[in-house]
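Worksheet: one structure, shown below.
Lettering follows sequence order; numbering is per chain, from 1.
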Amino acid sequence: MFAFIVSRLLQAIPVLLVVGFISFGMFAFVGDPILFMLGQDFTVEQKEALIRQLGLDQPFLVQYGHYLWAALHGNFGMSYRLARPVSTLLLERLPATAELALSAAAFAMIVGMPLGVYTGIKRDALSSRLILMFSLVGVSLPPFLIGILMILIFAVLLGWLPSFGRGEVVNLGIWTTGFLTWSGIKALVLPAISLGLFPLTLNMRLVRAEMLEVLRSDYIKFAKARGISQRAIYFGHALKNTLVPVITIVGLQIGGLIAFAIVTESVFQWPGMGLLLVQSIGTADIPVMSAYLQLIAVLFVVINLLVDLLYYAVDPRLRIGRGGGH
Amino acid sequence: MALLDVVDLVVEFPTRRGVLRALDGVSLAIEPGEVLGVVGESGAGKSLTGAAIIGLLEPPGRVAGGQILLNGERIDTKTQEQMRPLRGKQIGAIFQDPLTTLNPLYSIGRQLVETMQTHMKLSDRDARARAIKWLEEVGIPAAAQRIDAYPHQFSGGMRQRVVIALALCAEPKLVIADEPTTALDVSIQAQIITLLKRITREHGTSVMLITHDMGVIAETADRVAVMYAGRVAEIGPVAEVVKHPAHPYTEGLMGSIPSLTHRVDRLRQIDGSMPRLTAIPTGCAFNPRCDKVFDRCRRHRPGLVPSGKTQAACWLYATEAANG
């Protein structure tokens, strides 16, 4: 098991190097940072002094080496726009995005999986057909439209929930959380639902398809022939056998939700990394964009590792070493 | 009183092109402690009969007529939820392929414990002790160590032993074994049949042994039912049916089995093939292939009539009095 984790982490190194290369390439090929920093009026001497000071006269690969070394120490440079360290900016925004993404993923799983089991069991019932029909609407409507519609209904017309922001947050040292205040939780509801709706329908349809497959299997028939209760068959024997593909998709979803909550964060003015990224792209704030890219890459590597470990927990056939021979 | 009594069982499958009658008036009975073999070609309705008895017909299949009585009580009219306590506890089932009948994600111990605790009040500790006892009984070596192993850690033969333990662990009175050896190595088949025979005799369990292997039947069964095109062609004590088959189909079936003691140049073969469910001929279903066919066979369907020590659905044995 330990060897497996180590080998996975070693495999991640080339991935991160390539992502680092691309995000560094942005500096060299997208715009000229010197022009950003000097503004409108400057002399040639000033420009050359800054180039030397920043090490931009050195060869590309040397610069790349310096960049990686700094990144390894958590130093991603300064934001052009806000003139603050990028790492601090991202760390400030990370809790908001992580809480939003995890709430959306939890919503998508807690609602999506039982619905998938239900529509898988009662595949011909009217209720199942209705659920599937509505899920199609969920898949087809773009998230920003759903967000705006929900703001209209629940914030503007009914006035139940706030339309933007994160509400009051509690500072826990390095992490700020909205889970501990009523206004924080209320503020989370609309963005989490609008972000989670698409993965919810995906989970539901995936679990349903897997259930239909598993329910036809011999071991389900054999479990029925032994008189095992319906509940144990559907939510134990059958659901567990649908989990491996579901874990894969949910893992990718969580990564995707964190990385691409951009639209939802914009619609709800959620103070997370996605909103920061959108603002940074608008002003060509390259250090923020490149650091964001690397953070997301690390995140995906970590999530994939967790997914692989979960496979082992769920499926005994994948565990290394066979307990006893034949 | 018979333990199981199937009377004129009809199973139908409604399809877009009309209703298919897959079982048409099947009657058979199993006495306590008896092994009834059910033989026939693929599609003769052997497995369907078993599935109907345990109430697990694949939809849209349904029991459309007749009765199934267990200890004199009708079970064909019960709902799925009413049938559930009977499954495993009164009627056990063994399926064909041990590689797919065990849940790959549950340890064999957990599957045994779950089955026993569903039907009996047992503490976790007692259930586990019983599970180990059952694994020992079906011949799993080092059962106490292997109880927490998963199905993929066992060979096919060992898995079928586990399946047998699972089918019998709640002590049913009847076990329906649907081709229990077909998916196994020939060398393992005899072991599994011997095990099944021993363990059901020790527990006094009746067996409905569904197979197309006459050798297995001859060795194991007390009585045998020969099925053809969804009907019972002949039923009787196994020695009689093998040595003195009454129905021309049974005769053909026996003639087609190679023998080590009597050398023959050519094995007998029955011309033609079993009719499809959509095109079962009127009268006796076997009449187009029968070499003793006469006019009556084509017009009227024969019921089971006594012939020697067996009963055959054949007009050859109908006495004038029985004709009605």
Side-chain angles (χ1 to χ4, degrees), chain A residues 1 113 117 119-125 128 207 210-248 307 309-326, chain B residues 50-51 54-56 58-59 80-81 83-107 110-112 114-119 140-142 145-146 148-159 163 166-170 172 175-176 178:
Chain A
M1 183 56 99
M113 288 176 54
V117 173
T119 53
I121 299 168
K122 311 224 166 208
R123 58 178 161 170
D124 296 322
S128 296
V207 170
E210 290 291 322
M211 279 296 278
L212 290 180
E213 185 77 30
V214 169
L215 287 178
R216 274 204 306 267
S217 67
D218 284 349
Y219 54 82
I220 294 300
K221 206 170 141 198
F222 188 47
K224 283 184 184 164
R226 281 179 285 142
I228 306 293
S229 72
Q230 300 241 326
R231 199 189 148 77
I233 287 179
Y234 291 139
F235 287 93
H237 289 262
L239 185 60
K240 202 174 176 193
N241 273 286
T242 69
L243 280 187
V244 165
V246 172
I247 289 171
T248 315
V307 164
L309 292 177
L310 274 178
Y311 287 166
Y312 278 70
V314 168
D315 195 336
R317 287 168 293 187
L318 296 174
R319 284 173 210 157
I320 305 162
R322 294 156 72 93
H326 281 283
Chain B
I54 201 162
L56 286 176
E58 297 279 341
Q80 287 292 317
E81 208 35 46
M83 270 309 277
R84 202 181 59 73
L86 267 59
R87 295 190 193 124
K89 181 80 186 141
Q90 300 288 329
I91 311 174
I94 298 167
F95 290 143
Q96 180 170 344
D97 188 353
L99 301 187
T100 56
T101 41
L102 295 170
N103 188 336
L105 304 187
Y106 282 22
S107 71
R110 181 167 171 194
Q111 300 189 44
L112 276 163
E114 184 185 30
T115 309
M116 287 187 282
Q117 285 185 333
T118 300
H119 297 293
I140 304 283
Q145 283 93 58
R146 305 213 63 193
D148 293 315
Y150 289 89
H152 71 277
Q153 293 166 318
F154 294 87
S155 65
M158 284 294 155
R159 281 193 229 187
V163 169
L166 275 165
L168 293 173
C169 66
V175 58
I176 298 171
D178 191 352

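Contacts of Gln111(B) with chain A are made by both backbone and side-chain atoms, with heavy-atom separations under 4.5 Å. Both the backbone and the side chain of Ala93(B) come within contact range of chain A, with heavy atoms under 4.5 Å apart. Interface remark: Ile54(B) contributes side-chain atoms only to the contact with chain A (heavy atom separation under 4.5 Å). Contact of Glu81(B) with chain A is made through the side chain alone, with heavy-atom distances under 4.5 Å. There is no contact between Ser217(A) and chain B, counting heavy-atom distances below 4.5 Å. Residue contact with chain A, scored on non-hydrogen atoms closer than 4.5 Å, is absent for Pro85(B). For chain B, the nearby parts of Val314(A) are the backbone and the side chain; heavy atoms of each come within less than 4.5 Å. Both the backbone and the side chain of Leu166(B) come within contact range of chain A, with heavy atoms under 4.5 Å apart.
Val163(B) and Phe222(A) get closest at one heavy-atom pair: CG1-CZ, 3.6 Å. Counting all heavy atoms, side chain and backbone alike, Ala232(A) lies closest to Glu114(B) at CB-OE2, 3.7 Å.
Highest contact tally toward chain A, considering only Leu102(B), Asn103(B), Ile91(B), Asp148(B), is held by Asn103(B) [criterion: heavy-atom pairs under 4.5 Å]. With chain A as the partner, the residue from Ile176(B), Thr100(B), Thr118(B) showing the most heavy-atom pairs under 4.5 Å is Thr100(B). Note: Pro104(B) leads Pro104(B), Ala170(B), Gly88(B), Pro141(B) in heavy-atom pairs under 4.5 Å with chain A.
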Check the pair Arg317(A) / Leu105(B) against side chain to side chain contact (heavy atoms under 4.5 Å, CB included), numbers first and verdict last. CA-CA 8 Å; Arg317(A) 287 168 293 187; Leu105(B) 304 187; 3.8 Å; yes

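Scanning residues 234-241 of chain A against chain B with a 4.5 Å heavy-atom cutoff picks out Gly236(A), His237(A), Lys240(A), Asn241(A), ordered by number.
Within the structure, the salt bridge (Lys or Arg N to Asp or Glu O under 4.0 Å) test picks out the following pairs touching residues 215-239 of chain A (sequence neighbours left out): Glu213(A)-Arg216(A).
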